[in-house]
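In what follows, a structure is listed as structure tokens, so that the remarks can point back to it.
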Amino acid sequence: MPDFGLKLRFVEPKGGTPGIGFYDAATSLQGFAQAIQIILRAYYCDEVVDRAMPLKRASLKMGSPRRGSVIVDLDAHFDDTPTASPIGSDVFYDFVRYALAKATGQAEITPITPYVTRRADDQELIFDQLAEVMEGSLQRAHRSINHDVPKVTLERPRSSLIEFNKETSAWVNTREENPEIKRFTGNITRYNSKTGNARAYIKQLGKIIPVRQADTFIPAKRGLLTWSLHGDTISTKKELEFFGRQIESAREEPKRLILTDVNQL
């Protein structure tokens, strides 16, 4: 099966001595390794895990170092055809790029290939879930950026895929969860009954954001989420009263809502 090359480029700070801090870079590498391994598992077998578990029939290896720049070559290899995605370089790189864009708040980046475009539309909640489980990994991946590295780029052979910088660091580094339960109104636009993950239009925010049920959410009320989604689909009654804790980025932008209760309006 084909291999897909990736490249992490750490841009050196200007005006200083060559190189970057080893400890910061090592922490960043660990974060990127965890995040990319989580993405590979989702790409290969359509399974979202909350930690970088060992890959079966696939591998992620570091290439040989090169002189002149702090560049780390990676090689993503699959022994068999992925069960969840077609095998092809454009699809693979597009999946990686879009998953990382969603997880780092780069809403301007959209899928390029028809396959990832369809999957982003049909399985949008998968990318929301990926973004949440990769959050800790990507916080560590930005350690160098939080110190003296201006940016890090993830590249495919001969072109760049995505850039990480101070803006993306501010997105992945969430503010402490506000324990205050707030009231919102709106409706469900996407819902996965198996995982409990959803997306909802929140009137007070004027936008659609990911929604996750809290551990204390009453299972009997999940039917209201299905009811609201059905109403959104057929353009009938769908309004709900949400109660939950809002998660914000370091830029004070809403990232997701942890749902504690819901009522029909």
Check whether any side-chain heavy atom of [X] lies under 4.5 Å from a side-chain heavy atom of [Y], and answer yes or no.
X: F242; Y: V211; value: no
X: L265; Y: L240; value: no
X: I112; Y: D90; value: no
X: V133; Y: I38; value: yes
X: L225; Y: L259; value: yes
X: V11; Y: V152; value: no
X: L224; Y: I188; value: no
X: T168; Y: Q106; value: yes

Taking atom types as modelled and ignoring hydrogens, do the side chains of [X] and [Y] form a donor-acceptor contact shorter than 3.5 angstrom?
X: N187; Y: D232; answer: yes
X: Q34; Y: R140; answer: yes
X: N146; Y: K166; answer: no
X: S28; Y: H142; answer: no
X: R222; Y: Q213; answer: yes
X: N165; Y: E167; answer: no
X: Q129; Y: T195; answer: no

#### Entry: Derivation and outcome, side chain to side chain contact (heavy atoms under 4.5 Å, CB included), residues N197 and D128
CA-CA 8 Å; N197 291 337; D128 287 342; over 6 Å; no

### I209/L257 under side chain to side chain contact (heavy atoms under 4.5 Å, CB included): CA gap, chis, key distance, verdict
CA-CA 7 Å; I209 64 170; L257 180 66; 4.0 Å; yes

One thing to verify: whether [Y] and [X] come together as a salt bridge, which I'm taking to mean a side-chain N less than 4.0 angstrom from a carboxylate O.
X: R245; Y: E180; answer: no
X: E132; Y: K255; answer: no
X: E155; Y: R97; answer: no
X: R156; Y: D94; answer: no
X: E124; Y: R119; answer: no

Which heavy atom of [X] sits nearest to which heavy atom of [Y], and what is that distance?
X: F92; Y: A76; result: CZ-CB, 3.8 Å
X: P254; Y: W171; result: O-CH2, 4.0 Å
X: P157; Y: G5; result: CD-O, 3.2 Å
X: A99; Y: I39; result: CB-CD1, 4.0 Å
X: Y191; Y: A198; result: CD1-CB, 3.8 Å
X: A170; Y: S249; result: O-CB, 3.6 Å

Would you compute the distance between atom [atom1] of [X] and atom [atom2] of [Y] and round it to the nearest 0.5 angstrom?
X: N173; Y: R143; atom1: CG; atom2: CZ; result: 11.5 Å
X: L154; Y: I36; atom1: CG; atom2: CD1; result: 5.0 Å
X: L100; Y: F32; atom1: CG; atom2: CZ; result: 8.0 Å

### Message
Quick one, R118 with Y115, criterion side chain to side chain contact (heavy atoms under 4.5 Å, CB included). Give me CA distance, side-chain angles, the key distance, then yes/no.
### Response
CA-CA 5 Å; R118 288 195 306 271; Y115 171 78; 3.9 Å; yes

### Task
State whether the number of non-hydrogen atoms from other residues, nucleotides or ligands found under 6.0 Å of K221 atom NZ is greater than 12.
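More than 12 heavy atoms, drawn from other residues, nucleotides or ligands, come within 6.0 Å of this atom.
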
### Task
Evaluate ring pair (Phe, Tyr, Trp, His ring centres under 6.0 Å) for Y43 paired with F78, printing each intermediate quantity in order.
CA-CA 11 Å; Y43 178 83; F78 299 100; 5.7 Å; yes

Okay, side chain of [X], backbone of [Y]: is any donor-acceptor separation there less than 3.5 Å?
X: Y98; Y: T117; result: no
X: Q139; Y: V172; result: yes
X: T153; Y: E163; result: no

### Query
Hey, which of Q204, K203, E239, E241 is the one that makes side-chain hydrogen bond (donor to acceptor under 3.5 Å, both in side chains) with T185?
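Considering Q204, K203, E239, E241, a side-chain hydrogen bond (donor to acceptor under 3.5 Å, both in side chains) with T185 is found only for Q204.
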
### Task
Using the salt bridge (Lys or Arg N to Asp or Glu O under 4.0 Å) rule, take E135 and R256 through it: C-alpha gap first, then chi angles, then the decisive distance, then the call.
CA-CA 12 Å; E135 197 163 73; R256 69 184 68 94; 3.2 Å; yes

### Message
Run the ring pair (Phe, Tyr, Trp, His ring centres under 6.0 Å) test on F184 and F243 for me, step by step, so that the C-alpha distance in whole Å, both residues' side-chain angles and the decisive distance to 0.1 Å come before the verdict.
### Response
CA-CA 6 Å; F184 302 92; F243 293 91; 8.9 Å; no

### Task
Output, in order, the C-alpha distance, side-chain angles, deciding distance and verdict of ring pair (Phe, Tyr, Trp, His ring centres under 6.0 Å) for F127 and F95.
CA-CA 10 Å; F127 291 99; F95 188 94; 5.5 Å; yes

